[in-house]
Asker: 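My questions will all concern the structure given below.
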Amino acid sequence: MKWERFLIAALCLATLISRIPFRASIPFGLDSIQLVLAADLYDVRLHQPHPPGYFLFVMLGRLFSLFFRDPNFSFIAVNILCSALGIGVFYRLGRSLFGPASGLASALLLASTPVFWFHGEVALSNAVDCTMVCLLAWLCWKTMAENPRFLYASALLLGLSGGIRQNTLVFMLPLWLFSIARTGLRRQLVAVLLVTVAVASWYLPMALMSGGIQDYQTALHDHWRNAAWHGYTLKWVPFNFVCVCYFLILGLGLGLLFLLFGLLFWVEGPGRRSPVVNRTRLFFFLWMAPALAFFILIYSHPLQIGHSLLYLPALLLLVPKCVEVTWSQLCRLWSPARGNGECAPKSGPLPDVARAIIGVLVVGNCLVFLGMNTAVSRARLRTYERQVAEMTTSIRAQCPPEQTILVSVDFMFLGFRDLMYYLPEYHTFQTRIYNLGGKPLLFSGFRRR
């Protein structure tokens, strides 16, 4: 319908416009600097970028650099464009699942949540990855619910998503397999072939640009052992769980309360055993469970908030319905005689009060990003830029490069990579030993090499 196309265009345009004024003027921290360096020289062994490589995202940045001549701005331009397109896709996904009113509410929540907004402003791959995840989830739902021929598009997208962030290929694989379970053996074989071809299209050139398949796999294995793997232990689970809860608070805000209450009321309510509800429930479970299991049981880092964009969109899709269910239950508590009346959830438009609550949540999200100093806010970007300027000015004023060696430990911010990138005329060393191919080595840099 024409009005819906206009609505999607308006959502995309509003998202695009909201990102442009607040973009980062310099690479934001360790991972961002390594992506920017990779736009000039791609080699996973040198952590340009760090393993597993993010090959297609780096190539997109290189493509945009042909027009903008600035790798940092090029990556951000990719993120801003994909953020806008992602909101349109997310609306279509919400509409397919719960109707146009819930789709619009979910799209507004995703567009305004500080986690997604922030990652559209920096040279990191999470915003593009979020768009790929939402598009893949939509295609999987369409394959399950409407037309099995969507599985070919979903197969290509699943394979290509690994070129943006390899973990997405692994975490979204169970949902994709579930979506194609009833499409027939011939279609399934063709789909698996498409996934394989799509993966090979980025894996082979990525490995070749990193010294070959063996060198790439060695770098990948060593990075896993050096940075992520803690051994067969559960002692990190409480820490990881706190990190995930922290990410949910940043991503959902007060919507987290409605989500918890709404899911509780829904579990206790009627109709939850219908086949449609069970299919929807399994759809969300297979979307979120693999990523949440990994980030709780194996690895999380409090500074890597963008990892939550794998499962955060699924939760945001549930928030509008949870708001509606929570309001309906409150109506029953306050006015038992009207328990089956106008406060009951409807399959059509959201009630006025539910729309008002969604509006408050959206405004709250905007205030957090624009007015507060959190880990995912405009203030955080400006603070980092100021700190980099102060650091580089102070070092250059007091320490001539021909008489100075800079030594740093491995920090995400204001560490070795910042010194190497922002002070290229200095010889820089990272004191942390890094095992690569069985050899203990140090990272060093000079003139951004």
Side-chain angles (χ1 to χ4, degrees), residues 1-23 60 76-121 126-147 149-150 153-154 156-157 160-161 164 172 179 251 255 280 283-284 287 309-310 312-321 323-324 346-350 354-359 361-363 365-366 369:
M1 292 183 289
K2 289 185 177 180
W3 70 267
E4 193 169 49
R5 293 176 184 173
F6 176 79
L7 175 62
I8 293 174
L11 287 170
C12 294
L13 183 61
T15 304
L16 187 73
I17 293 173
S18 68
R19 270 49 175 176
I20 293 174
F22 307 112
R23 65 186 186 275
L60 279 173
I76 294 174
V78 171
N79 281 335
I80 291 176
L81 179 60
C82 287
S83 294
L85 296 175
I87 295 303
V89 170
F90 197 61
Y91 166 79
R92 295 300 297 269
L93 174 58
R95 182 186 184 279
S96 298
L97 284 163
F98 301 121
S102 287
L104 175 59
S106 298
L108 292 173
L109 288 170
L110 179 62
S112 63
T113 186
V115 176
F116 186 59
W117 194 339
F118 180 87
H119 284 89
E121 307 284 13
N126 303 95
V128 178
D129 182 53
C130 182
T131 297
M132 297 286 279
V133 166
C134 294
L135 181 56
L136 180 59
W138 181 54
L139 291 174
C140 288
W141 180 257
K142 298 283 280 187
T143 301
M144 293 162 46
E146 296 181 20
N147 193 333
R149 285 179 293 182
F150 280 98
S154 69
L156 282 173
L157 191 69
L160 293 175
S161 69
I164 302 296
M172 297 298 286
S179 72
T280 305
F283 172 82
F284 279 98
W287 181 350
L309 289 173
L310 279 161
L312 183 62
L315 296 172
L316 290 172
L317 285 168
L318 296 172
V319 168
K321 282 299 177 185
V323 168
E324 185 180 1
K346 303 176 180 63
S347 59
L350 294 174
R355 290 200 296 267
I357 293 173
I358 295 297
L361 295 178
V362 170
V363 171
N365 286 341
C366 294
F369 177 80

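Source: prediction; values computed, not measured.
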Asker: With a 4.5 Å heavy-atom cut-off, do S179 and F283 have their side chains touching?
Answerer: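 No. Closest side-chain heavy atoms not under 4.5 Å.
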
Asker: What I'd like to find out is whether the side chain of F90 reaches to under 4.5 Å of the side chain of L317, using heavy atoms alone.
Answerer: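 Yes - at least one pair of side-chain heavy atoms lies under 4.5 Å apart.
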
Asker: Between F116 and I87, is there a side-chain heavy-atom distance shorter than 4.5 Å?
Answerer: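 Yes, side chains in contact.
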
Asker: How far apart are the closest heavy atoms of N79 and A127, and which atoms are they?
Answerer: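 The pair with the smallest heavy-atom distance is OD1-CB, 3.9 Å.
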
Asker: For V133 and L309, run side chain to side chain contact (heavy atoms under 4.5 Å, CB included): C-alpha distance rounded to whole Å, both residues' side-chain angles, the deciding distance at 0.1 Å, then the answer.
Answerer: CA-CA 9 Å; V133 166; L309 289 173; over 6 Å; no

Asker: Under 3.5 Å, is there a donor-acceptor pair linking the side chains of S96 and W138?
Answerer: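 Result is yes, a qualifying pair exists.
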
Asker: Quick one: CG on L11 to CG on L108, what's the gap to the nearest 0.5 Å?
Answerer: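 CG of L108 is found 6.0 Å from CG of L11.
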
Asker: Taking side chain to side chain contact (heavy atoms under 4.5 Å, CB included) as the test, write out the residues that go with A314, two or more places apart.
Answerer: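 A314: side chain to side chain contact (heavy atoms under 4.5 Å, CB included) contacts with F284, W287, M288.
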
Asker: Quick one: pull up CZ in F150 and CG in L157 and give me the separation to the nearest 0.5 Å.
Answerer: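 Taking CZ in F150 and CG in L157, the distance rounds to 13.0 Å.
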
Asker: State the OG-CG distance between S106 and L318, to the nearest 0.5 angstrom.
Answerer: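 Result: 8.0 Å between the selected atoms.
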
Asker: So which atom in S154 and which in T143 form the shortest heavy-atom distance, rounded to 0.1 Å?
Answerer: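 Reported closest heavy-atom pair: OG-OG1, 4.4 Å.
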
Asker: For the pair R23 (side chain) and I20 (backbone), establish whether a donor and an acceptor sit closer than 3.5 Å, ignoring hydrogens and angles.
Answerer: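 Indeed, once roles are kept as given, a pair shorter than 3.5 Å links the two residues.
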
Asker: Main chain of L109, side chain of T113: is a donor-acceptor contact present, judged purely on distance under 3.5 Å?
Answerer: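 No.
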
Asker: When you look at K321 and S102, which way does the side chain to side chain contact (heavy atoms under 4.5 Å, CB included) test go after all the steps?
Answerer: CA-CA 7 Å; K321 282 299 177 185; S102 287; 3.5 Å; yes

Asker: Rounded at 0.5 Å granularity, tell me how far SG in C134 sits from CG in L110.
Answerer: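 Here the interatomic distance stands at 6.0 Å.
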
Asker: Under a 4.5 Å cut-off applied to non-hydrogen side-chain atoms, are I8 and C12 in contact?
Answerer: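 Yes, their side chains come closer than 4.5 Å.
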
Asker: Can you tell me how far apart CG (N126) and CE (M132) are? Round to the nearest 0.5 Å.
Answerer: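 Between N126 CG and M132 CE, I get 13.5 Å after rounding to 0.5 Å.
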
Asker: Quick one, I164 and L160 - any side-chain contact, counting heavy atoms below 4.5 Å?
Answerer: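 Side-chain contact under 4.5 Å: no.
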
Asker: Answer yes or no: is there a donor N or O on one side and an acceptor on the other, between the side chain of S112 and the main chain of N365, under 3.5 Å?
Answerer: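 Absent.
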
Asker: Looking at side-chain heavy atoms only, is the closest gap between W117 and S83 below 4.5 Å?
Answerer: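 No, side chains not in contact.
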
Asker: Out of curiosity, L104 CG to L7 CG, how far, rounded to the nearest 0.5 Å?
Answerer: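 Here the interatomic distance stands at 5.5 Å.
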
Asker: I need the full list of salt bridge (Lys or Arg N to Asp or Glu O under 4.0 Å) pairs touching residues 78-103, with sequence neighbours left out, sorted by first then second residue.
Answerer: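 Found E4-R95.
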
